[in-house]
Trainee: 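Before I ask anything, here is the structure I am working with.
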Amino acid sequence: MASFAFPLRGVYFLLSHPKQLWLKTLSPILLTIIFSFFSIGFSLRYLLPNQVEKLLEWNWPHWMSWAISIVSVILESAILNLLFFAFLVGFFQDMIFDATLTARGHADLLDDTDDINKIVLWWRGVRSSLLVNILLILVKIILIVVTAPLQLVPIAGTALACYISGWPTGWSQHLHYDMEIKGLTVGASYKAAAKNKWHYISFGSVAFGLELIPIFNIFFMWSNIVGAALWIADEYEKENGLKSKAISSDPGSSSEQTPLLSNEA
């Protein structure tokens, strides 16, 4: 399956596996919903009118002032959600990723960590989930600001902005597997992501686009984690000549060769 399809596949897999995934995603989704309502309310109540007023003071046309301000508020709300997500991700991302691998029938992938000292595992988590991941989220926020003018161009501009942010988004979704499960260094994980950059861009562009959708991005932020785990499981099955071992039905076939399971240390 093409890498760009996995964020969408993650949506289906999350919805179709309530027993394995819903309870684990309920807490972060509820917290994200609460914060998203706050960020949207704050943006509409304070940021939108202030931005419109400022543009009108600069003698911008009325329609253009509102159009630019609305786009800006959507992006600002997305940035606030990303900042909150950066805080939550260290607590919930790894748990949801591992639960997805287990639901797909690949708990054996997690066995690599059984013999590793818990302190070492904890430090790997700090490096990936908290430090590198937060750094990449900050990079995504910078890219949102830099590419904001592109959002004014319908469809094509948004697609280009998603493409530009695709690679860091794709890499960030694989850090837990690379660093905590496989034990790769940051450098080795980066090299693997760079070597397969077009597949990471393909996955990340769709995932990033979903995270820009107001309100629904509350859900997509977490379904993208599920999609990334499915991508890893799909690659594992292809490389080992296995069939899908999903606990419940999970349609989909594999047609694209994307060698992502690097063993480079």
Side-chain angles (χ1 to χ4, degrees), residues 1-3 6-7 9-10 13 20-21 24 86 89-137 139 166-204 207 222-247 250 254 256-265:
M1 179 176 288
S3 54
F6 282 98
R9 194 176 177 187
F13 196 88
Q20 295 85 15
L21 298 178
K24 290 180 172 62
V89 73
F91 297 95
F92 294 103
Q93 181 180 31
D94 299 352
M95 178 178 63
I96 295 170
F97 191 100
D98 294 350
T100 302
L101 287 180
T102 301
R104 181 63 184 266
H106 290 303
D108 53 303
L109 280 173
L110 305 176
D111 293 342
D112 291 343
T113 63
D114 288 345
D115 299 327
I116 302 175
N117 186 283
K118 298 302 181 183
I119 295 178
V120 175
L121 281 176
W122 173 81
W123 174 239
R124 287 181 184 177
V126 169
R127 288 187 304 168
S128 63
S129 296
L130 294 181
L131 299 181
V132 183
N133 227 323
I134 288 176
L135 177 61
L136 285 174
I137 288 175
V139 169
W167 187 84
T169 300
W171 185 28
S172 68
Q173 294 288 3
H174 284 75
L175 284 172
H176 169 58
Y177 177 80
D178 286 350
M179 298 176 63
E180 295 180 58
I181 297 176
K182 298 301 293 182
L184 301 182
T185 64
V186 176
S189 176
Y190 172 82
K191 289 179 181 178
K195 182 179 179 181
N196 298 280
K197 64 179 180 179
W198 298 116
H199 301 301
Y200 279 71
I201 290 172
S202 178
F203 174 92
W222 302 101
S223 66
N224 283 339
I225 298 172
V226 176
L230 293 177
W231 191 10
I232 291 294
D234 192 73
E235 279 301 311
Y236 178 76
E237 290 165 5
K238 286 192 293 183
E239 291 187 7
N240 292 277
L242 303 174
K243 292 183 179 180
S244 174
K245 300 189 294 181
I247 290 177
D250 179 33
S254 300
E256 183 186 14
Q257 296 299 319
T258 51
L260 303 175
L261 303 187
S262 171
N263 290 316
E264 179 183 356

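Excluded from the calculations below are hydrogen atoms, water molecules and symmetry mates; all remaining heavy atoms, backbone and side chain alike, are included. Keep in mind that what you see is a predicted model, and the values were worked out from it rather than measured.
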Trainee: Between T100 (side chain) and I96 (backbone), is there a donor-acceptor pair under 3.5 Å?
Mentor: yes
Trainee: Between OG1 of T102 and CD of Q20, what distance do you get to the nearest 0.5 Å?
Mentor: 9.5 Å
Trainee: Could you check Y177, Y200, Y190 and say which one makes a ring pair (Phe, Tyr, Trp, His ring centres under 6.0 Å) with W171?
Mentor: Y190
Trainee: Is it the case that the side chain of S189 and the backbone of V186 share a donor-acceptor pair, with hydrogens and angles ignored and the cut-off at 3.5 Å?
Mentor: no
Trainee: Rounded to the nearest 0.5 Å, what's the gap from CE on M95 to CD on Q93? Could you check?
Mentor: 11.0 Å
Trainee: For I225 and H176: C-alpha separation, side-chain torsions, deciding distance, then whether side-chain contact (heavy atoms from CB on, under 4.5 Å) applies.
Mentor: CA-CA 10 Å; I225 298 172; H176 169 58; over 6 Å; no
Trainee: Determine the interplanar angle of the H106 and Y236 rings, folded into 0 to 90°, and report it as parallel if under 30°, tilted if 30 to 60°, perpendicular if over 60°.
Mentor: perpendicular
Trainee: How are the rings of W231 and F6 set to each other: parallel, tilted or perpendicular (split at 30° and 60°)?
Mentor: parallel
Trainee: Within this structure, what is the CH2-OG distance for the pair W167 and S202, rounded to the nearest 0.5 Å?
Mentor: 15.5 Å
Trainee: Give the minimum heavy-atom separation between V226 and G10, together with the two atoms involved.
Mentor: CG1-O, 3.7 Å
Trainee: Taking S3 for its side chain and H199 for its backbone only, find out whether a donor-acceptor pair lies under 3.5 Å.
Mentor: yes
Trainee: Say you draw a straight line from CG of L230 to CD of E237; how long is it, rounded to the nearest 0.5 Å?
Mentor: 9.5 Å
Trainee: Kindly give the heavy-atom pair with the smallest separation between H174 and I232, and that separation in Å.
Mentor: CD2-CD1, 3.4 Å
Trainee: Quick check: do I181 and D98 have side-chain heavy atoms less than 4.5 Å from each other?
Mentor: yes
Trainee: Please walk me through it: do N224 and Q173 pass side-chain contact (heavy atoms from CB on, under 4.5 Å)?
Mentor: CA-CA 8 Å; N224 283 339; Q173 294 288 3; 3.6 Å; yes
